[in-house]
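Chain letters run A, B, ... following the sequence lines, proteins first, then strands; residues in each count from 1.
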Number of protein chains: 2
Amino acid sequence: MGYNEESFIKILKSKGLKVTNQRKTVLKALSSKPDQHLTAEEIYELVRVDIPEIGIATIYRTIQLLCELGLIDKLNLDDGYVRYEIGKEDKNEHHHHHLICVNCGKVLKFDDDLLDELEKQVGKTTGFIVHDHELKMYGYCRDCQNNRK
Amino acid sequence: MGYNEESFIKILKSKGLKVTNQRKTVLKALSSKPDQHLTAEEIYELVRVDIPEIGIATIYRTIQLLCELGLIDKLNLDDGYVRYEIGKEDKNEHHHHHLICVNCGKVLKFDDDLLDELEKQVGKTTGFIVHDHELKMYGYCRDCQNNRK
DNA sequence: ATTACTGCAAAGTTTTTGCAGAGGT
DNA sequence: ACCTCTGCAAAAACTTTGCAGTAAT
């Protein structure tokens, strides 16, 4: 689980890409916060602890690369920031479900397979071949409910 | 269905907001394209047909207002643009489901109530009170499947 | 008459790009 | 040695803000 340097190096080499400290450190940073959803700026701050001279452009370029490799996922919580999270190791679980508190912004992840059936159903109706889906639920978390009382 | 000027005027007046041609025209533009998902720039172009002197700042301010009033919805298709679409007249149908072709970018809407059950289930498990949800499915539309052959 | 709204231009944010030098293969 | 990657700075793209004039109530 989390960060596997071995396999990351293998992936990079197999594509003729170079293994750099910047790339390893960015992926490590995202792996170290598996339950957070980091912005480019937050990743930048994390990586600067190890590589103070890194530029934000490298962060953006690396993020884009990691997305293309399928190692991280882009996430939009509609708060004005584009966020990123480490992907699931098991690529067969292709579901990123998020429960978002509209009051405090807390984000919980949850898994559910109910949607596989829906995917098939929608495919038949519309002619789409569905590969992936993303579900977000908005509401109030337990803490925020308590604080309102 | 779509654009109801009467009720829009009522809503604005009830909040002490002014009824301006700019606001009416922006809402009308979004209503005229109920199945499209327009960016601020696209809305700007549409509205300029009627009001050539309008500024992009007014578009942004009006979009934000219409979102707050719940008349339009923000939508993010992860293509780098924030998009907007006219809301459903019936506020009880709070589901915006989108089927996105990853090849041509076409977006289809679909309705499904399967998720109401899931909302309740998730609420019990996590303690969240869920108000709304958003589901996106990614795949290949029928046209793009044919073109690949 | 009063107060909110608009258009313009400037400024703020976030992200991308060009290029010369550094670093991995 | 080769060619990719990085850091820097500039530019691009998108959105917000301040302000003086305009329009709605």
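The distance between atom CD of B:Gln64 and atom C1' of C:dC5, rounded to the nearest whole Å, is 14 Å. Distance CD (B:Glu42) to P (D:dT15): 12 Å, rounded to an integer number of Å. One can place CD1 of A:Ile56 at 19 Å from P of D:dC5, the figure rounded to the nearest angstrom. When rounded to the nearest whole Å, the span between CD1 of A:Ile51 and C1' of C:dG23 equals 13 Å. Between B:Tyr44 atom OH and C:dT6 atom P the separation is 14 Å, expressed in whole Å. At whole-Å resolution of the value, CG in A:Leu12 and P in C:dG24 are 13 Å apart. What separates CZ of B:Arg23 from P of C:dA4 is a distance of 11 Å, to the nearest Å. For the pair B:Ile54 CD1 and C:dC5 P, the interatomic distance rounds to 14 Å; values are reported in whole Å.
The salt bridge (charged side-chain N to carboxylate O under 4.0 Å, His left out) pairs that include a residue from residues 14-36 of chain B are B:Glu5-B:Lys24, where partners are two or more places apart or lie in different chains. The stretch residues 6-25 of chain A participates, sequence neighbours left out, in no ring-ring contact (aromatic ring centres under 6.0 Å, His included) pair at all. Sorted by first and then second residue, the ring-ring contact (aromatic ring centres under 6.0 Å, His included) pairs with a member in residues 9-59 of chain B read B:His37-B:His98; sequence neighbours excluded. Residue pairs meeting the ring-ring contact (aromatic ring centres under 6.0 Å, His included) criterion with at least one member in residues 53-80 of chain A, sequence neighbours excluded, do not occur. For the salt bridge (charged side-chain N to carboxylate O under 4.0 Å, His left out) condition, the pairs that include at least one residue of residues 47-57 of chain B, sequence neighbours left out, are B:Glu45-B:Arg48.
Contact check, A:Gln22 against D:dG7: a side-chain N or O comes under 4.0 Å of OP1 or OP2.
Contact check for B:Leu38 versus B:Tyr84: no side-chain heavy atoms found under the 4.5 Å cut-off.
B:Ser31 and B:Ile86 get closest at one heavy-atom pair: OG-CD1, 3.3 Å.
Looking at heavy-atom distances under 4.0 Å, A:Glu41 makes no contact with the nucleic acid at all.
The A:Tyr60 side chain lies nearest to C:dT16 when the options are C:dT16, D:dG7, C:dG7.
Here A:Val49 is tied to no hydrophobic group at all, with no ILVMFWY side chain closer than 4.5 Å.
Taking for each of B:Thr58 and B:Gly16 the nucleotide of DNA chain C with the nearest heavy atom, the 5'-most of the two is the partner of B:Gly16.
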Please report, to 0.1 Å, the donor-acceptor pairs under 3.5 Å made by any side chain of residues 103-110 of chain A, with sequence neighbours excluded.
unit_1	atom_1	unit_2	atom_2	d
A:Lys106	NZ	A:Asp143	OD2	3.1
A:Lys109	NZ	A:Pro34	O	3.0
A:Lys109	NZ	A:Glu85	OE1	3.0

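Of the possible polar contacts, none joining the B:Glu134 side chain to the A:Tyr138 backbone as a donor-acceptor pair under 3.5 Å is found.
Comparing the start and finish of the helix from C:dA1-D:dT25 to C:dT25-D:dA1, five pairs each, the helix axis swings through 30°, to the nearest 10 degrees.
Annotation: salt bridge (Lys or Arg N to Asp or Glu O under 4.0 Å) contacts of B:Arg83 (sequence neighbours excluded): B:Glu42, B:Asp79. Scanning for side chain to side chain contact (heavy atoms under 4.5 Å, CB included) contacts around B:Val130 gives A:Leu99, A:Met137, B:Glu119, B:Phe128, with sequence neighbours left out.
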Original post:
Reading nucleotides 20-25 of chain D from the 5' end, what letters show protein touch, with B for base, S for backbone sugar-phosphate only, - for no heavy atom under 4.0 Å?
Top reply: ---BBS
Hey, what are the protein-to-nucleotides 17-22 of chain C N/O distances that come in under 3.5 Å?
unit_1	atom_1	unit_2	atom_2	d
C:dG18	O6	A:Arg61	NH1	3.4

